[in-house]
Amino acid sequence: MSGKRIVVLISGSGSNLQAIIDRVNAGAIAGEIAAVISNRASAYGLTRAADAGIETRVLDHKAFADRLAFDQALMETIDSYAADLVVLAGFMRILTPEFVRHYNGRLFNIHPSLLPKFKGLHTHQRALDEGEREHGCTVHFVTEELDGGPAIIQAATAIVAGDNADALQQRVHQLEHRIYPLAVEWFCAGRLQLEAQGVTLDGDLLPGSGYRLQE
Ligand code: GAR
């Protein structure tokens with residue numbers, strides 16, 4: 001075992017998890033996925049993890065009295081793997097401030113929009129409805145603000161005539177699968193820091209919208 005210990009939290013398909021597994025297996029990421037945790041037993045991402053030989057855990061939020069009790073159990077589980085980095089990959093739960101503070105500077109999320117635009121759900125349809133010319137995704141450090149927090153990296157795709165939410169979602173997903181492993185790679189290489197003034201990559205402060213992946 002070498003490098004950083006990564007714990008990935010999922011609720012669903014886990015295609016972003018798969019993209020990270022693939023880059024770990026390719027040797028691009030100086031770390032290993034110590035565990036994958038889902039709040040849903042039916043999440044397909046658990047199968048992806050098991051197929052990759054990664055330990056899996058299910059923590060059903062419905063089994064807990066309240067949000068904090070769930071988050072405390074989640075923290076205990078994550079910490080039992082001595083995680084250096086916690087990666088939210090389609091983990092569809094709002095986290096308590098206690099949780100977010102506990103992992104300050106080592107908690108990532110990916111969101112399917114060019115934040116700060118389109119926080120929340122149905123981002124692809126909303127981007128179309130608003131007549132946006134481009135749409136995309138953002139990896140960011142998690143803070144107490146929902147879908148907020150300092151951006152690490154963004155990637156965008158042009159919105160074209162005749163686009164619909166499904167087509168846009170598919171193109172954005174492809175971009176997600178490029179930027180999420182890259183952010184994990186930078187973190188595990190010790191190149192990325194959350195500092196008081198923002199996010200730094202190799203010691204240089206990134207713009208507020210993060211590093212922009214070029215096509
Ligand atoms: C991804 O599109 C991710 O950006 C989104 O959930 C999807 C999970 O897909 N996350 C959010 O909307 C968080 N607010 P996946 O399970 O195939 O990785």
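We number each residue from 1, following the sequence as shown. Whatever order the structure lists ligands and atoms in, that order sets their numbers, starting from 1.
If you number the atoms of ligand 1 from 1 as listed, the ones under 4.0 Å from a heavy atom of Ser13 come out as 16 (O), 17 (O).
Atom CZ of Arg57 and atom CG of Asn39 lie 14.5 Å apart (nearest 0.5 Å).
Among all non-hydrogen protein atoms, the one lying nearest atom 13 (C) of ligand 1 is Ile110 O, 3.7 Å. Among protein heavy atoms, atom 4 (O) of ligand 1 sits closest to Glu176 OE1, 3.0 Å. Ser15 OG, 2.6 Å is the protein heavy atom nearest to atom 17 (O) of ligand 1. Counting protein heavy atoms only, atom 9 (O) of ligand 1 is closest to His173 NE2, 3.4 Å. Nearest non-hydrogen protein atom to atom 6 (O) of ligand 1 is Gly90 CA, 3.7 Å. Summary of contacts: the protein heavy atom closest to atom 5 (C) of ligand 1 is Pro112 CD, 3.9 Å.
Taking a 4.0 Å cut-off on heavy atoms, Asp147 registers as neighbouring ligand 1. Heavy-atom distances between Gln169 and ligand 1 stay at or above 4.0 Å for every pair. Within the 4.0 Å heavy-atom cutoff, Gly45 does not count among the residues contacting ligand 1.
In terms of polar-atom proximity, Gly14 is counted as a contact of ligand 1, with an N or O under 3.5 Å from an N or O of the ligand.
Seen from the ring of Tyr81, Arg5 does not count as a face-on cation partner, given the 6.0 Å and 45° thresholds.
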